[in-house]
Enquirer: 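Below is the structure I would like to discuss, written out as structure tokens.
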Amino acid sequence: MIVAEQKPFEEIKQMISPYGRVLILGCGTCMTVCDAGGEREVSFLHSALRLAQTKSGNGTHSFSEYTLKRQCDPEFLDLLVDKIADVDVVLSLGCGIGVQAIAERFPDLPVLPGVNTSFMGMTKESGVWDERCAACGDCRLDETAGICPITRCTKGILNGPCAGTKNGKCEANKDMDCAWILIYQRLETLHQLERMRRYYPPRNFRTIPRPKRILRQASINAGGSDD
Amino acid sequence: MINSLFEEKLSSGEFVVTTEVGPAKGADTADLVHHIDLLKDRVDAINVTDHQSSVMRFPSLGGCLLVKEHGGEPILQMTCRDRNRLALQADLLLAYSRGITNVLCLTGDSIDVGDHKEAKPVFDLDSVQLLKMIRTLESGTDIEGNELKGVPRFYIGASVHPEADFVEPQLIKFEKKVSAGAQFFQTQGIFDLASLRRFMQYAAQFNVKILAGIIVLASARMARYMNDNVPGIIVSQAIIDELADVEKGKGLQKGIEIAARLIKTIKDENLCHGVHIMAVGNEGVVPDILEAAELVSVSP
């Protein structure tokens with residue numbers, strides 16, 4: 001899933017300052033799971049912004065809230081048509097994709113990012129999320145015992161550990177495991193250490209031309225006959 | 001084919017001494033030139049570090065040009081941290097065109113340990129891929145297979161970490177570097193000769209030259225700091241204790257003594273093909289170390 005962090009409250013206040021009617025829009029998928037922009041966070045942020053406004057004494061904003069099942073899906077964005085009729089701005093607590101999907105779907109409507117989209121990862125334990133995939137477009141996890149050196153090595157190097165690893169940790173951060181020591185240990189467990197001896201050529205960065213697009217034929221066409 | 005004076009020295013079988021100079025942050029090259037002049041005739045080659053510890057400085061290639069201009073034998077340290085494959089190849093062509101033919105290929109320290117922590121880490125290649133790319137250039141094409149007008153030749157090396165706590169993955173990488181074309185190695189700092197002996201016993205099967213890295217420590221505090229903060233350095237407790245025992249102000253003297261003792265033992269036992277002295281900021285004491293190690297090289 002995509003993992004994000006809600007932006008600092010002051011930054012959000014600053015962003016919405018030019019607008020009157022603000023729709024705080026949550027996302028029911030990844031942002032809900034990573035506690036950054038689901039229904040609960042939307043409701044809490046709504047209260048916090050209203051409270052801040054009451055305290056400052058000048059009621060310049062009016063707030064509404066709503067949470068879509070997914071902001072990145074045109075099907076769900078259609079549900080927004082009624083909700084945005086009387087707002088000046090959408091404060092999206094969706095990831096960067098959600099924000100852009102709204103911008104594309106509603107050309108006249110300003111949309112603000114309420115979260116910093118951080119990475120693709122997983123929940124490690126309650127309140128802890130770890131990055132696991134860099135979407136490099138050329139997966140070699142079969143060669144590295146299911147541990148991604150591009151994501152988990154700070155240098156993303158392919159031919160084994162650098163000399164900076166100490167106590168199995170990374171030179172960039174003593175609390176972070178060295179990806180290549182993890183790979184080494186797991187390859188050994190799997191009796192696949194010979195994979196570490198292979199030379200891996202430089203990455204092909206054309207696998208990630210930005211922006212990427214995937215075109216997928218329906219399987220009935222791909223496998224079917226012409227007649 | 002011999003591609004440099006340094007290679008010629010190592011091939012002759014004589015005990016080779018290299019050292020390194022770290023350029024300063026800024027355009028003033030006076031100290032750098034001073035150290036080059038001091039060292040060029042006392043050692044067989046001088047490495048110029050490449051933004052050591054990811055701290056932005058005067059460049060390695062510029063330092064190597066100065067070594068050349070002043071009549072020394074430079075070893076270009078080249079890391080993959082800041083340049084993609086285009087920039088690395090271009091710098092190699094420039095180096096060769098100016099007579100800089102020794103290259104030490106390194107992945108480079110993480111951006112996070114340096115003074116430009118917000119910079120984009122490049123690492124388009126790693127050290128093994130860089131070695132291989134140089135061999136490709138020497139075959140007459142760039143890394144994409146396009147023909148070169150004017151083909152460079154280098155003597156290329158890499159680093160190895162015999163004292164790493166997980167040594168097997170480091171040895172696997174060492175072998176990959178050998179296969180990729182590395183001809184010489186300058187090891188990470190050696191503090192425990194037993195580990196060097198073990199490593200050399202293993203490394204003897206490969207047709208490469210190995211120079212033991214000797215770091216000059218100036219105090220127990222510095223040793224502990226390096227253990228905690230400098231990638232690739234593991235100073236043994238015995239050495240830290242030895243430094244801690246001396247009276248205040250005598251640390252560097254003890255550090256020189258330790259370095260000289262390590263070098264002398266390595267040479268007397270014929271443990272490896274030479275040593276690489278890293279004085280990290282104390283380049284001026286390298287002649288004292290050579291003297292203390294009874295290794296005063298060819299007179300100027």
Side-chain angles (χ1 to χ4, degrees), chain A residues 134 136 138 140 143-145 147-208 210, chain B residues 53-54 79-81 84-85 88 106-114 117 121-133 136 143-144 158-177 179-181 187-189 213 226-234:
Chain A
C136 74
D138 183 19
R140 312 238 183 110
E143 304 280 1
T144 55
I147 296 163
C148 177
I150 289 168
T151 314
R152 299 188 66 182
C153 164
T154 188
K155 303 173 188 176
I157 54 177
L158 299 177
N159 282 294
C162 71
T165 172
K166 217 178 273 183
N167 304 317
K169 301 295 179 184
C170 175
E171 72 180 28
N173 177 351
K174 291 186 192 93
D175 297 324
M176 195 160 72
D177 290 325
C178 167
W180 274 105
I181 298 298
L182 294 178
I183 292 168
Y184 160 73
Q185 289 171 327
R186 194 165 141 78
L187 283 173
E188 195 174 34
T189 305
L190 299 175
H191 305 289
Q192 294 177 348
L193 208 49
E194 78 285 352
R195 295 186 182 197
M196 209 164 149
R197 296 183 174 278
R198 286 186 205 157
Y199 169 71
Y200 293 100
R203 278 172 65 188
N204 172 6
F205 282 89
R206 291 192 75 186
T207 60
I208 50 164
R210 288 257 152 83
Chain B
S53 301
S54 302
T79 70
C80 303
R81 181 191 48 232
N84 70 7
R85 61 195 87 174
L88 289 167
L106 305 165
T107 295
D109 289 338
S110 163
I111 289 280
D112 299 82
V113 304
K117 294 186 199 300
V122 178
F123 302 109
D124 184 24
L125 305 184
D126 61 28
S127 51
V128 183
Q129 294 160 346
L130 174 58
L131 287 158
K132 225 175 165 82
M133 184 173 77
T136 304
I143 193 173
E144 289 293 329
S159 73
V160 59
H161 195 0
E163 293 190 355
D165 43 12
F166 287 90
V167 82
E168 189 177 355
Q170 298 292 340
L171 299 183
I172 292 173
K173 191 154 186 188
F174 166 76
E175 292 187 25
K176 286 170 99 162
K177 289 175 177 179
S179 304
T187 77
Q188 300 282 339
M226 291 182 103
N227 270 353
D228 288 342
N229 297 292
V230 181
I233 293 182
I234 305 176

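The chains referred to below are lettered A, B, ... by the order of the sequence lines, with proteins before strands, and numbering in each begins at 1. Heavy-atom basis, side chains included; hydrogens, waters and symmetry copies ignored.
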Enquirer: Among B:Thr107, B:Asn229, B:Asp109, B:Ile233, which residue forms the greatest number of heavy-atom pairs with chain A at distances under 4.5 Å?
Expert: B:Asp109

Enquirer: Against chain B, label A:Ile181 side chain, backbone, both or neither, depending on which of its atoms sit under 4.5 Å from a heavy atom there.
Expert: side chain

Enquirer: With chain A, which of B:Asp112, B:Asp126, B:Ile234 has the greatest number of heavy-atom pairs at distances under 4.5 Å?
Expert: B:Asp126

Enquirer: Counting C-beta onward and ignoring hydrogens, is there a side-chain heavy-atom pair between A:Pro202 and B:Asp124 closer than 4.5 Å?
Expert: no

Enquirer: Give me the atom names and distance for the closest heavy-atom approach of A:Met196 to B:Lys176.
Expert: O-NZ, 3.0 Å

Enquirer: Between the main-chain N or O of B:Gly108 and the side-chain N or O of A:Lys155, is there a donor-acceptor pair closer than 3.5 Å?
Expert: yes

Enquirer: A side-chain contact here means heavy atoms from C-beta on lying under 4.5 Å apart; do A:Asn159 and B:Lys132 qualify?
Expert: no

Enquirer: Which atoms of B:Arg81 are under 4.5 Å from chain A, going by heavy atoms: the side chain, the backbone, both sets, or neither?
Expert: neither

Enquirer: With a 4.5 angstrom heavy-atom cut-off, is it the side chain or the backbone of A:Asn173 that approaches chain B, or both, or neither?
Expert: neither

Enquirer: Between B:Met133, B:Glu168, B:Glu175, B:His161, which residue shows the highest count of heavy-atom pairs closer than 4.5 Å to chain A?
Expert: B:Glu168

Enquirer: Just wondering, do A:Thr165 and B:Gln170 contact through their side chains at under 4.5 Å, heavy atoms?
Expert: yes

Enquirer: Does atom CZ of A:Arg140 have more than 12 heavy-atom neighbours, drawn from other residues, nucleotides or ligands, at distances under 6.0 Å?
Expert: yes

Enquirer: At a 4.5 Å cut-off on heavy atoms, which part of B:Val230 comes close to chain A: side chain, backbone, both, or neither?
Expert: backbone

Enquirer: Does any heavy atom of chain A fall under 4.5 Å from the side chain of B:Pro121, the backbone, both, or neither of them?
Expert: neither

Enquirer: Side chain of A:Glu171, backbone of B:Ser110: donor and acceptor closer than 3.5 Å?
Expert: yes

Enquirer: When you measure from the side chain of A:Lys174 to the backbone N and O of B:Asp228, does any donor-acceptor pair fall under 3.5 Å?
Expert: yes

Enquirer: At a heavy-atom separation under 4.5 Å, does B:Ile111 approach chain A through its side chain, its backbone, both, or neither?
Expert: neither

Enquirer: So which of A:Ala163, A:Gly164, A:Cys170, A:Ala172 has the largest heavy-atom pair count under 4.5 angstrom toward chain B?
Expert: A:Ala163

Enquirer: For the candidates A:Gly160, A:Cys162, A:Pro161, which exhibits the highest count of non-hydrogen atom pairs separated by less than 4.5 Å from chain B?
Expert: A:Pro161

Enquirer: Could you have a look at A:Thr154, A:Leu187, A:Asn167 and say which one has the most heavy-atom pairs with chain B under 4.5 angstrom?
Expert: A:Asn167

Enquirer: Between A:Pro201 and chain B, which part of the residue has a heavy atom less than 4.5 Å away: side chain, backbone, both or neither?
Expert: backbone

Enquirer: Which atom pair, heavy atoms only, marks the closest approach of A:Gly168 to B:Phe166?
Expert: N-CE1, 3.5 Å

Enquirer: Checking heavy atoms, do the side chain of A:Tyr184, its backbone, both or neither come under 4.5 Å from chain B?
Expert: side chain

Enquirer: Hey, does the side chain of B:Asp165 reach the backbone of A:Lys166 with a donor-acceptor pair shorter than 3.5 angstrom?
Expert: no

Enquirer: Check whether B:Gln188 gets within reach of chain A through its side chain, its backbone, both or neither, counting any heavy atom under 4.5 Å.
Expert: side chain

